[in-house]
There are 2 protein chains.
Amino acid sequence: MEEKLPTFESIFSIDCLIFGFEAGELKILLIERNEEPFGGWFALPGYIVKEDESLDDAADRILYELTGLRDLQMKQFHTFGEVNRHPQGRVITVGYYALIRINGQKELRPISQYARKAVWHPVKSLPKLAFDHTEIFKNGFGKIRRRLNYQPIAFDLLPEKFTLTQLQGLYEAILDKKLDKRNFRKKMLSYGFLKELVEKQKGVSYRAAKLYKFDRRKYAKIFQNELTAE
Amino acid sequence: MEEKLPTFESIFSIDCLIFGFEAGELKILLIERNEEPFGGWFALPGYIVKEDESLDDAADRILYELTGLRDLQMKQFHTFGEVNRHPQGRVITVGYYALIRINGQKELRPISQYARKAVWHPVKSLPKLAFDHTEIFKNGFGKIRRRLNYQPIAFDLLPEKFTLTQLQGLYEAILDKKLDKRNFRKKMLSYGFLKELVEKQKGVSYRAAKLYKFDRRKYAKIFQNELTAE
DNA sequence: ATTTAACGGTGTAATTTTCACACCTTATAT
DNA sequence: ATATAAGGTGTGAAAATTACACCGTTAAAT
């Protein structure tokens with residue numbers, strides 16, 4: 001049956017769009033490239049996929065090697081395949097994203113020589129990026145922004161315990177618009193998946209706010225019957 | 001700067017998920033494969049991308065060669081890259097979808113020898129498909145189902161002039177559930193992008209229904225300010 | 001001790017959207 | 001004429017969304 005069929009080899013890559021939230025600002029993770037092409041440029045963490053690893057596995061490995069971060073549960077969002085997007089030939093790239101807590105992570109420390117360093121950079125003022133990475137960023141950011149309205153992705157960006165004001169600030173940063181405090185709180189609490197803690201905020205020079213946790217269990221229970229939006 | 005960098009070659013494919021609506025049923029376009037592997041099996045129309053064509057261009061060409069259909073405005077929905085999804089080596093594939101009017105199209109006629117024939121097949125009773133195409137179908141169908149709620153994709157599946165009952169039947173076919181007639185009509189008409197025609201349905205043995213058109217211009221005007229969901 | 005800066009926290013009314021629900025009308029075929 | 005099959009229509013209840021402003025608490029500064 002399968003005699004004499006040719007075998008195929010492939011070169012393609014993965015690029016990672018990792019969002020974090022710090023000091024009221026939305027940031028993404030960039031590397032400074034150490035190699036040609038685009039040596040010295042900022043770029044999304046990304047590299048060539050190995051022959052024997054699935055896309056999801058490759059995304060984890062590559063992000064780890066370039067930034068030191070691992071086990072992020074990234075998801076694919078789009079594949080970019082313009083003919084000349086890579087100067088060395090035809091390399092399509094699969095975009096993955098994740099949202100994470102910046103402070104909950106160890107320091108950024110590239111394992112591979114391929115990246116000089118990895119840094120968090122505000123999305124409001126991104127530098128020019130290598131390859132078509134600016135386009136990849138825009139595409140991914142747009143999707144995440146839309147997803148915010150029907151998926152609990154914001155909680156991945158906050159510390160485990162957070163105040164409602166922090167949560168609102170994050171929504172405002174992603175959506176880039178002001179929200180009404182009372183309506184925001186009412187709505188969030190009405191979902192029923194936020195767990196109010198006894199603990200309060202510390203170290204602030206004003207009235208300490210209540211802390212909340214996102215209760216993944218309750219969320220799953222509440223929304224189990226709905227069409228899961230990917 | 002760019003001296004002596006190696007050049008890369010790649011083999012990857014595109015698979016197309018084309019939906020149509022006929023006789024109250026949702027269908028997809030399948031080809032019967034003429035070559036190994038999976039000779040004689042049903043499969044999604046799909047093939048290898050050429051070195052010098054973008055993904056979007058490749059999708060158009062491949063669909064045309066395998067089915068005779070062209071200019072469909074397909075959109076990418078996901079990339080599939082399990083290590084062993086293709087028996088001949090590492091071939092990742094980019095999934096594209098489109099929704100089209102079955103009757104508005106010319107007959108299906110593969111240009112390439114690669115497909116024996118192309119057929120419309122009800123999604124309710126799909127046969128086993130080649131490669132991981134069943135998984136690709138499920139993934140794409142799920143996305144389209146969700147998209148139906150916030151994108152005017154249904155109109156692509158209907159004739160240019162259609163009745164509200166036809167439109168409702170289509171929604172019911174995609175969502176796989178019954179909808180309330182009065183509420184459905186009220187809601188659809190409230191959007192303001194359906195243009196009521198003077199013309200009526202013909203050739204039916206019961207009271208003829210009014211025909212409507214989807215007014216793309218009005219749609220664009222109405223929704224221009226909203227976040228465009230891709 | 002008083003003041004100040006900064007955020008915490010709360011309620012109500014109007015409007016819009018969603019949902020549930022049933023009957024008469026019209027065109028055609030017999 | 002009558003049987004058939006779908007066309008077409010409205011209302012009230014419930015839920016969700018929006019707009020909107022003030023007092024309270026805390027710690028730091030004076």
Side-chain angles (χ1 to χ4, degrees), chain A residues 21-25 146 148-152 158-159 161-173 175 177-213 219 222-223 225-227 229, chain B residues 21 23-25 146 148-152 158-159 161-173 175 177-213 222-223 225-227 229:
Chain A
F21 186 60
E22 196 179 43
E25 261 192 326
R146 275 173 250 126
L148 186 65
N149 293 310
Y150 51 91
Q151 289 276 291
L158 292 174
K161 301 169 185 181
F162 53 85
T163 71
L164 290 177
T165 298
Q166 285 166 350
L167 184 61
Q168 182 177 344
L170 173 55
Y171 269 76
E172 291 177 341
L175 299 175
K177 69 176 177 194
K178 281 275 168 205
L179 301 173
D180 178 82
K181 184 160 67 164
R182 277 173 294 187
N183 292 337
F184 181 82
R185 285 163 181 246
K186 203 187 327 169
K187 191 168 176 181
M188 275 300 154
L189 294 173
S190 77
Y191 289 134
F193 53 57
L194 291 185
K195 188 175 177 184
E196 184 179 327
L197 304 177
V198 183
E199 207 178 336
K200 297 210 169 169
Q201 206 177 15
K202 276 172 192 159
V204 290
S205 75
Y206 45 81
R207 175 178 175 187
K210 284 179 200 156
L211 289 170
Y212 291 81
K213 259 190 180 174
Y219 175 81
I222 294 166
F223 291 99
N225 299 319
E226 307 205 359
L227 281 175
Chain B
F21 186 59
E25 263 193 326
R146 275 173 248 126
L148 185 65
N149 293 311
Y150 52 92
Q151 289 278 291
L158 292 174
K161 301 169 184 180
F162 53 85
T163 69
L164 291 178
T165 298
Q166 285 167 349
L167 183 62
Q168 184 178 341
L170 174 55
Y171 270 76
E172 291 178 340
L175 299 175
K177 69 175 177 194
K178 281 277 168 202
L179 301 174
D180 177 84
K181 184 159 66 164
R182 279 172 295 188
N183 291 337
F184 181 81
R185 284 162 181 246
K186 205 186 327 169
K187 192 168 176 182
M188 276 298 154
L189 294 173
S190 77
Y191 290 135
F193 52 57
L194 290 185
K195 188 175 177 183
E196 183 180 326
L197 304 176
V198 183
E199 207 179 334
K200 297 209 167 166
Q201 205 177 18
K202 276 171 193 161
V204 290
S205 74
Y206 45 81
R207 176 177 175 186
K210 284 180 202 159
L211 289 171
Y212 290 82
K213 259 188 179 174
I222 294 167
F223 292 98
N225 298 319
E226 308 205 359
L227 281 174

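Quick caveat, the model's predicted, so the values are computed rather than measured. So that the names make sense, note that chain A is the first sequence line, chain B the second, and so on, each numbered from 1.
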Inset, instruction - Under 4.0 Å from any atom of DNA chain D, heavy atoms only: list the residues of residues 185-192 of chain B that qualify, in numerical order. - result: Arg185(B), Lys186(B)

Legend entry - Test salt bridge (charged side-chain N to carboxylate O under 4.0 Å, His left out) applied to Lys210(B) - qualifying residues, sequence neighbours left out: Glu196(B)

Inset, instruction - Would you write the dot-bracket representation of DNA chain C, where each base gets (, ), [, ], | or . depending on whether it forms a Watson-Crick or G-U pair under 3.5 Å and with which partner? - result: ||||||||||||||||||||||||||||||

Legend entry - Whole-Å gap separating C1' (dG12(D)) and CZ (Arg182(B)): 12 Å

Inset, instruction - List for me each residue that meets side-chain hydrogen bond (donor to acceptor under 3.5 Å, both in side chains) alongside Asn183(A), sequence neighbours excluded, and say none if there are none. - result: Asp180(A), Lys186(A)

Legend entry - Side-chain N or O of Thr165(B) closer than 4.0 Å to phosphate OP1/OP2 of dA6(D): no

Legend entry - Given dT9(D), dA19(D), dG8(C), the nucleotide with the shortest approach to the side chain of Lys181(B): dT9(D)

Please output the side-chain donor-acceptor pairs of residues 163-172 of chain A that fall under 3.5 Å, not counting sequence neighbours, one pair per line with the distance.
residue	atom	partner	partner atom	Å
Thr163(A)	OG1	Thr165(A)	N	3.4
Thr163(A)	OG1	Gln166(A)	N	3.1
Thr165(A)	OG1	Arg185(A)	NH2	3.1
Gln166(A)	OE1	Thr163(A)	N	3.0
Gln168(A)	NE2	Glu172(A)	OE2	3.1
Gln168(A)	NE2	Leu179(A)	O	2.9
Glu172(A)	OE2	Leu179(A)	N	2.8

Inset, instruction - Return the minimal non-hydrogen interatomic distance between Gly24(A) and Ala173(A), and the atom names on each side. - result: O-CB, 4.3 Å

Inset, instruction - Write down the distance between CD (Gln168(B)) and C1' (dT9(D)), rounded to a whole number of angstrom. - result: 14 Å

Legend entry - Asn149(A) CG - dT17(D) C1' separation (whole Å): 14 Å

Inset, instruction - Would you mind building the protein contact string for nucleotides 24-30 of chain D? One character per nucleotide, 5' to 3', B for base within reach (heavy atoms under 4.0 Å), S for sugar-phosphate only, - for untouched. - result: BBBSS--

Inset, instruction - Would you kindly check whether a donor in the side chain of Lys210(B) faces an acceptor in the base of dG7(D), or vice versa, at under 3.5 angstrom? - result: no

Inset, instruction - Of all the heavy-atom pairs spanning Leu194(A) and Phe162(A), show the shortest one and how long it is. - result: CD2-CZ, 3.9 Å

Inset, instruction - Figure out the CG/P separation between Leu194(A) and dG9(C), and round it to whole Å. - result: 13 Å

Legend entry - Nearest-Å distance for atom pair CG/P, residues Leu167(B) and dG7(D): 12 Å

Between side-chain atoms of residues 199-209 of chain B and protein atoms elsewhere (two or more places apart, or another chain), which donor-acceptor pairs fall under 3.5 Å?
residue	atom	partner	partner atom	Å
Glu199(B)	OE1	Lys161(B)	NZ	2.8
Gln201(B)	OE1	Ala209(B)	N	3.0

Inset, instruction - Kindly indicate whether the side chain of Leu158(A), heavy atoms from C-beta on, has any atom under 4.5 Å from the side chain of Tyr212(A). - result: no

Legend entry - Nearest-Å distance for atom pair CZ/P, residues Phe162(B) and dA6(D): 20 Å

Inset, instruction - Figure out the CG/C1' separation between Leu164(A) and dT10(C), and round it to whole Å. - result: 12 Å

Legend entry - Partner set under side-chain contact (heavy atoms from CB on, under 4.5 Å) for Pro152(B), not counting sequence neighbours: Phe155(B), Phe214(B), Tyr219(B)

Inset, instruction - Please state how far atom CG in Asn183(A) lies from atom C1' in dT15(C), giving the value in whole angstrom units. - result: 13 Å

